[in-house]
Amino acid sequence: MSQAAEEPAVAAPIGPQYKEEKPEATVSTPIPHSNVHILPQTPQLIALLTMIRDKSTVRGDFIFYSNRIIRLLVEEGLNHLPVISHAVTTPTARTYQGVKFEGKICGVSIMRAGEAMEQGLRDCCRSVRIGKILIQRDEETCKPRLFYDKLPEDISQRYCLLLDPMFATGGSATMAVEVLISRGVPEERILFLNLIASPQGIQSFAERFPKLRIVTAFVDQGLDAKNYIVPGLGDFGDRFYCI
Amino acid sequence: MVVHYSPPWANTHVRKLQFHGQLEDSFYKTLNPEESTQAFRNEFDFDSPNSIDFDILVEKLRDLKQGVLELLDMRIFVDTDADVCLARRLARDIKYRGRDTHGAIKQWTTFVKPNFELFVQPQKKNADILVPRGIENTIAIEMIVKHIQRALLTKSREHLETLRALGQGHDTDKPLPSTVKVLKDSPQLQLMHTIIHDTDTSREDFIFYFDRVAALLVERGMDHLAFKRREVETPQGHKYVGLELSRDVSAVVILRSGGALEVGLTRVVPDARIGRLLIQSNVRTGEPELHYQKLPSTLTSDSVLVMDPQITTGAGALMAVTVLKDYGVEEDRIVFVTYLASIVGLRRLTKAFPGVKVIVGKVDEGFERRFIDERYFGS
């Protein structure tokens, strides 16, 4: 998957009609798979992505703007959890036909970049349990290798929100899903939350795990010779934690 | 159907009234060193129109389309005997302003009195009411007070009638106009509605879930602000054609309930400039009343989010948007953010201001009373 070929950028006029023309911007590459859910390409989302892609954005802003996108990803991801009907009484003593969620969830972050998404998850789900998986590229075999994992004991009973902001070839995400499945988590209870994905990576991942659901903010144009996402945003972990 | 909403101050303007309060002190020219020395010698004529910066005054007056006199509903001239005036002036200048008798009398005879005769006295002919003997004339004052009360009552009645008229004549089958944007229905949104509507929800949970939905409402509101193209370079040197906001974002919080949306606002726009309006419904008539306003001066150029978690009758929302329009904010720069809105309220607001976008969490089919702020603030 190391071809340098790139899909052409998709440009579309977006946002509300102003007095002038709608401004044109690059939007996500469409993906035909029904288990890939791309966030609605609203002008605000594009503006947030513009901020975090810009190399001149300082770290504080990078953290703030990526957190806003992550919250939107979590909100969209949670919508894939099943709810059951539940009636309550309103302040005017009317009955309100509502819903509730009865299952249990947990977050699983793929270290280190995935941990940057934990705050956004906690903003929407207070006191959510969070497991961690460390996968690194093996120097000898050049293949991803599982170095460490710490997951809730009852993970097989839970819906898992797997967190990793950048999806290039998907080597570590694939291995993380395999770890979860080996701990008894059914594939259909795994939700993969991602900021930016490569089209070829996300398609083969969606085909490999057809029951798993993927929620992403943006599918980019492609990968370069070094398997970096194009245009991407650089190293997410570095920009979030160090630079 | 052409609809017009006119608030109780329709023939005045909030901003204009404020400006009148500042009129006298604001337009004195800055004194040069020579004039300053004159002033200390009681020889500078503060009462002459020459001491007023007319360029600024004329420019501001041009803003007031109708001119000062026509703006006034009732013109009162309070006439006090010149001897009484002089006596009061002497007492004040000597006791509180540290001047000597000679200086105070000199200023009176050279400037105050002539200018009074030249500029103030002639205004008598513009007055509707002349009050002789000033403050001692309690009969005249009482009559004026009664007149004002009657005028206010008439205005209040007319205002309530306007509000009623705006609420009537809707085609109930007609969908809400496209400027009303209701959050897309989803399982999580239904879940949050359920928790917020449930009287058994703890306050802790109520606040958590209301803040969560508030952030979503503000995010949605941001989608309806103006954006422009922006090209950036990634750390790897790739180009990306994206967008950025065209204008800074200001928010106007309608108190007290609007405060419940502020956490959501700061999660999305932590540096928004925030203005505040206190609008309360009169317990007797139900008429909304504007009690307090503090708005950022940048409203004239910013995108403006107006925040109130609940629209019931819509009267408070109408009043808030009217105040903003008086401040020179065009409708297409205003996005009204609310959580729960009645259909009647939405129809009134969108009929009166078709250019304002309204972001709504949930359309209330019934007529839920205001409860969000009560639950959120616990009082």
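Chain letters run A, B, ... following the sequence lines, proteins first and then strands; every chain starts at 1. Below, all heavy atoms of this structure are taken into account, side chains as well, without hydrogens, waters or symmetry copies.
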Q: Please state whether the side chain, the backbone, both or neither of A:F64 comes within less than 4.5 Å of a heavy atom of chain B.
A: side chain
Q: Measure up the A:F218 and B:Y240 rings against each other and bin them: parallel (under 30°), tilted (30 to 60°), perpendicular (over 60°).
A: perpendicular
Q) With a 4.5 angstrom heavy-atom cut-off, which part of B:I196 approaches chain A: side chain, backbone, both or neither? A) neither
Q) Looking at side-chain heavy atoms only, is the closest gap between B:R230 and A:D54 below 4.5 Å? A) yes
Q: Check each atom of A:L72 against the heavy atoms of chain B and say whether the ones under 4.5 Å are side chain, backbone, both or neither.
A: side chain
Q: Determine yes or no for a side-chain-to-main-chain donor-acceptor pair under 3.5 angstrom, with A:N79 supplying the side chain and B:S186 the backbone.
A: no
Q.
So for atom OH, which belongs to B:Y376, do other residues, nucleotides or ligands contribute more than 12 heavy atoms lying within a distance under 6.0 Å?
A. yes
Q) Which distance, rounded to the nearest 0.5 Å, do you find between the CZ of B:F227 and the CD1 of A:I46? A) 10.0 Å
Q) Does any N or O in the side chain of B:T234 come within less than 3.5 Å of the main-chain N or O of A:R53, such that one atom is a donor and the other an acceptor? A) no
**Q.** B:E244 side chain to A:A47 backbone, donor-acceptor under 3.5 Å
**A.** no
Q: Could you look at A:H86 and say if it's the side chain, the backbone, both or neither that has a heavy atom under 4.5 Å from chain B?
A: both
Q. How long is the gap from NE2 on B:H197 to OG1 on A:T90, to the nearest 0.5 Å?
A. 7.0 Å
**Q.** SG-CZ distance between A:C125 and B:F208, expressed to the nearest 0.5 angstrom
**A.** 7.0 Å
Q) chain B heavy atoms under 4.5 Å from A:V83: which part of the residue, side chain, backbone, both or neither? A) side chain
Q: Enter the distance from A:I229:CD1 to B:H238:NE2 here, rounded to the nearest 0.5 Å.
A: 10.5 Å
Q) At a heavy-atom separation under 4.5 Å, does A:L233 approach chain B through its side chain, its backbone, both, or neither? A) backbone
Q: Tabulate, in ascending numerical order, the residues of residues 112-123 of chain A having at least one heavy atom closer than 4.5 Å to a heavy atom of chain B, or enter 'none'.
A: A:R122, A:D123
Q.
I'd like to know whether CZ of A:R129 has more than 12 heavy-atom contacts from other residues, nucleotides or ligands below 6.0 angstrom.
A. no
Q) What's the verdict on side-chain contact (heavy atoms from CB on, under 4.5 Å) for B:T194 and A:K100, showing C-alpha distance, side-chain angles and the deciding distance? A) CA-CA 8 Å; B:T194 311; A:K100 65 174 173 181; 6.0 Å; no
Q. Distance from A:R126 atom CZ to B:D205 atom CG, nearest 0.5 Å?
A. 4.5 Å
Q | Within residues 178-201 of chain B or reaching into it, pairs that qualify as salt bridge (Lys or Arg N to Asp or Glu O under 4.0 Å) - sequence neighbours excluded | A | none
Q: Please confirm whether the backbone N or O of A:A25 pairs with a side-chain atom of B:R229, one donor and one acceptor, at under 3.5 Å?
A: no
Q. So, for A:P231 and B:Q236, which heavy atoms are closest and what is the spacing to 0.1 Å?
A. O-OE1, 4.4 Å
Q.
With rounding to the nearest 0.5 angstrom, report the CD1 to CD distance, A:I69 to B:E219.
A. 9.5 Å
Q.
Test your reading of the model: is there a side-chain donor-acceptor pair from A:T50 to the backbone of B:L243, 3.5 Å cut-off?
A. yes
Q. Below 4.5 Å, heavy atoms only, C-beta onward: do B:P187 and A:H80 meet side chain to side chain?
A. no
Q. Counting N and O atoms only, with roles assigned by atom type, does the side chain of A:R71 sit under 3.5 Å from a partner on the main chain of B:R267, one being a donor and the other an acceptor?
A. yes
Q. Would A:Q44 and B:R220 satisfy side-chain contact (heavy atoms from CB on, under 4.5 Å), going step by step from the backbone distance to the final call?
A. CA-CA 8 Å; A:Q44 183 56 28; B:R220 185 78 211 274; over 6 Å; no
**Q.** Region of A:F101 in contact with chain B, defined by heavy-atom distances below 4.5 Å
**A.** both
Q) A:R68 versus B:V268: any side-chain heavy-atom pair under 4.5 Å? A) yes
(Q) So for B:Q190, is it side chain, backbone, both, or neither that comes closer than 4.5 Å to the heavy atoms of chain A? (A) both
Q | Backbone of B:D223 reached by a side-chain donor or acceptor of A:T42 within 3.5 Å | A | no
